[in-house]
Participant: 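Take this structure first; my questions come after.
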Amino acid sequence: DSLEVPVDTRGLEFWNATFEGNGAWRLTGTLDVYVVDFIAGHLITNGQEIFTERVSIFDDNPKKLEIRNTYWHFEGRNSEYEEWYVGSGVLEEVLSDSSVIDLESDEAVMYLYDAFSFDKLIASNTSGNTRLDNYLNVNGQDSITFRELDLRNNTVFTGSMYGDTILLSA
């Protein structure tokens, strides 16, 4: 990465954060934003907490997502449902060691059209519904993987996923 830019929102909440360009962005504090659009570059969450309702990772530009040691809260504050969208062929690399993505909202949906590796994915809202939609054509190399999947609500899967541990709670 030719340029690394520190991002510090100083505790303020924003409507939209768009990451686009040839460089890298390193979070230096909590990110509280309604929508995250990741279009190009290298996003380094740097172990910072993230609060958001929608995530869109799209476009054919090169992207690297580094969410190591980050707790990403996927909340339901302002909309009927929350979605995490990963378009087809858009990520060069995902580094997710020791990260948690927590689908905390009543109606969370993940649309996955590209290979994605989760460390720990939680559907924590016990009264909610979660959908994990994998539209990836698994060819032996590209797949959706996780180390731990912790499901505490009604969860519907489409497509295939591979992982180490699934925790089911009633």
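Worth knowing before you read on, the calculation uses all heavy atoms, side chains too, and leaves out hydrogens, waters and symmetry mates.
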Participant: State, yes or no, whether a side-chain contact exists between Phe19 and Val36 at a heavy-atom distance under 4.5 Å.
Facilitator: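 Touching, per the 4.5 Å side-chain cut-off.
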Participant: Would you please classify the geometry between the Tyr34 ring and the Trp15 ring as parallel, tilted or perpendicular, with 30° and 60° separating the classes?
Facilitator: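 Parallel.
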Participant: Under 30°, 30 to 60°, or over 60°: which ring-plane class applies to His73 and Phe51, parallel, tilted or perpendicular?
Facilitator: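 Geometry flag for Phe51 against His73: parallel rings.
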Participant: Under 3.5 Å, is there a donor-acceptor pair linking the side chains of Thr155 and Asn153?
Facilitator: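 Asn153 and Thr155 do have a side-chain donor-acceptor pair below 3.5 Å.
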Participant: Hey, do the aromatic rings of Tyr113 and Tyr85 have their centres closer than 6.0 Å?
Facilitator: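 Tyr113 vs Tyr85: aromatic centres under 6.0 Å.
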Participant: Going by heavy atoms in the side chains, are Trp84 and Tyr111 under 4.5 Å from each other?
Facilitator: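 Not touching, per the 4.5 Å side-chain cut-off.
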Participant: So do the side chains of Val100 and Leu121 get within less than 4.5 Å of each other, counting heavy atoms only?
Facilitator: no
Participant: Consider only side-chain heavy atoms of I, L, V, M, F, W and Y, link residues closer than 4.5 Å, and tell whether Leu167 and Ile101 are in one cluster.
Facilitator: no
Participant: Going by the rule side chain to side chain contact (heavy atoms under 4.5 Å, CB included), which residues pair with Thr158 if we only count those two or more places apart in sequence or in a different chain?
Facilitator: Asp133
Participant: Would you indicate whether the side-chain heavy atoms of Ile50 and Phe74 approach each other to under 4.5 Å?
Facilitator: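 No; the side chains remain at least 4.5 Å from each other.
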Participant: Considering residues at least two apart in sequence or located in another chain, which fulfil the salt bridge (charged side-chain N to carboxylate O under 4.0 Å, His left out) criterion with Glu49?
Facilitator: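 So Glu49 forms no salt bridge (charged side-chain N to carboxylate O under 4.0 Å, His left out) with any residue.
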Participant: Once you round to the nearest 0.5 Å, how far does CZ of Arg68 lie from CD of Glu66?
Facilitator: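 Between atom CZ of Arg68 and atom CD of Glu66 there are 4.5 Å.
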Participant: State the CE-CD1 distance between Met110 and Ile144, to the nearest 0.5 angstrom.
Facilitator: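 Answer for the CE-CD1 pair, Met110 versus Ile144, is 9.0 Å.
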Participant: Between Phe118 and Phe116, is the ring centroid distance below 6.0 Å?
Facilitator: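 So the answer is yes for these two rings.
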Participant: Please give me the minimum heavy-atom distance between Ser169 and Asp150, naming the atom from each residue.
Facilitator: OG-OD1, 4.4 Å
Participant: To the nearest 0.5 Å, what is the distance between CG (Asn46) and OG1 (Thr28)?
Facilitator: 7.5 Å
Participant: Is there a donor in the side chain of Asp37 and an acceptor in the side chain of Asn16, or the other way round, less than 3.5 Å apart?
Facilitator: yes
Participant: Are Arg147 and Asp164 close enough for a salt bridge, meaning some N to O gap below 4.0 Å?
Facilitator: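 Answer for the salt bridge query: no.
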Participant: Between Glu104 and Asn125, does any side-chain donor sit less than 3.5 Å from a side-chain acceptor?
Facilitator: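 No, no side-chain donor-acceptor contact under 3.5 Å.
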Participant: Evaluate the criterion side-chain contact (heavy atoms from CB on, under 4.5 Å) for residue pair Lys120 and Phe146; output intermediate values, then yes/no.
Facilitator: CA-CA 6 Å; Lys120 184 172 185 176; Phe146 55 86; over 6 Å; no
Participant: Please determine whether a side-chain nitrogen of the Lys or Arg among Glu92 and Lys64 lies less than 4.0 Å from a carboxylate oxygen of the Asp or Glu.
Facilitator: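 So Glu92 does not pair with Lys64 through a salt bridge.
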Participant: Does the side chain of Phe38 reach to within under 4.5 Å of the side chain of Thr18, using non-hydrogen atoms?
Facilitator: no
Participant: Just so I know, are the side chains of Leu132 and Leu103 near enough to count as touching, which here means a heavy-atom distance under 4.5 Å?
Facilitator: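 Sidechains of Leu103 and Leu132: in contact.
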Participant: Using only heavy-atom distances, determine whether the side chains of Ser124 and Asp102 contain a donor-acceptor pair under 3.5 Å.
Facilitator: yes
Participant: Supply the atom-to-atom distance Asn129 CG to Asp106 CG, rounded to the nearest 0.5 angstrom.
Facilitator: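 Atom-to-atom, Asn129:CG and Asp106:CG are 8.0 Å apart.
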Participant: Using side-chain heavy atoms (C-beta onward) and a distance below 4.5 Å, is Leu91 in contact with Leu65?
Facilitator: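 Leu91 vs Leu65: side chains touch.
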Participant: Whether the Ser99 and Thr70 side chains hold a donor-acceptor pair (N or O, under 3.5 Å, no angle test) is what I'd like checked.
Facilitator: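 Note: Ser99 and Thr70 side chains miss the donor-acceptor criterion.
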Participant: Do Thr30 and Thr9 come close enough that some side-chain heavy atom pair is under 4.5 Å?
Facilitator: no
